[in-house]
Amino acid sequence: MSMSELRTIGLFPSLDAFVQQRRTETDQIPEDRKGDLKQLAGYIRDEVQKLERVQLTFICTHNSRRSHLTQIWAKVAADLFGLENVQTFSGGTEATAMNPRVVESLKRTGFQVDVQTEDESNPTYAVRYADHSEPLLCFSKVYNESPNPTAQFAAVMTCSSADQACPYVPGCDLRLPIRYEDPKVSDDTPEEAEIYDGRSQQIAREMLYAMSLI
């Protein structure tokens, strides 16, 4: 798919510019990570060829940072490449809340994020990325809790702690570690925004690469 075609789904303008920049950065993805991303792409391709709904659940310990970013960017990338049957989810080995720093990073990138519930301990956020797309409803949950699938899905482990805590994920067709460093290390430091935005850039770059292989 060409760069011009990527702009036709109505991404918000600043988000579109962000995506176009990430698409030029494939050379920044290490070869070993490309291997993992190709494995994810292969699973999606196989399911698409069977005309099946493709379900991807991204899992980290608290379902607060990395798993939400990968869920969101995987869905954006799937839509950009016309993979309409791809559905993305996120969960944790325990539930906490989607971290407000992730919300602020998403807003800086160009997403529209609105609070949908009054539950201050674990709010639901509506994340929009294009004029005519349905928002992603993001909140913290255990990986096998509704609305997440419990069968016929790929479980992508985005942190080492969740990977070690869940050596077996019931119901999944594929369990694949694609780990990211936790931006939490920068919380309440002068580098906080830079680190969170950098992790979002990395995840966007890699999800776009994976979806481009299908």
Can you tell if the side chain of Val54 reaches within under 4.5 Å of the side chain of Leu83, non-hydrogen atoms only? no

Would you say CD of Gln28 has more than 12 non-hydrogen atoms from neighbouring residues, nucleotides or ligands within 6.0 angstrom? yes

Side-chain donor-acceptor pair present, Asp197, Ser105, cut-off under 3.5 Å: yes

Electrostatic pair Lys75-Asp79, nearest N-O below 4.0 angstrom: yes

Just so I know, are the side chains of Gln202 and Arg33 near enough to count as touching, which here means a heavy-atom distance under 4.5 Å? yes

Just so I know, are the side chains of Phe12 and Asp131 near enough to count as touching, which here means a heavy-atom distance under 4.5 Å? yes

Side chains of Thr124 and Gln116: donor-acceptor distance under 3.5 Å anywhere? no

Flag yes if more than 12 heavy atoms outside Gln21 fall under 6.0 Å of its CD atom; otherwise flag no. yes

Do the side chains of Met157 and Leu176 get nearer than 4.5 Å, heavy atoms only? no

Should we count CD of Glu84 as having more than 12 external heavy atoms under 6.0 Å? no

Electrostatic pair Asp182-Arg199, nearest N-O below 4.0 angstrom: no

Does a donor on one side chain sit under 3.5 Å from an acceptor on the other, for Asp119 and Ser121? yes

Give a yes or no on whether the ring-centroid distance for Trp73 and Phe18 is below 6.0 angstrom. yes

Before giving the answer on side chain to side chain donor-acceptor pair (under 3.5 Å), spell out for Asn63 and Tyr143 the whole-Å C-alpha distance, their side-chain angles and the decisive distance to 0.1 Å. CA-CA 8 Å; Asn63 192 205; Tyr143 68 87; over 6 Å; no

Tell me whether Glu31 is salt-bridged to Lys34, with the criterion being a basic N under 4.0 Å from an acidic carboxylate O. yes

Salt-bridge present (Asp187, Arg65; N to O < 4.0 Å): yes

Any Lys/Arg nitrogen of Asp27 or Arg205 sitting under 4.0 Å from an Asp/Glu carboxylate oxygen of the other? no

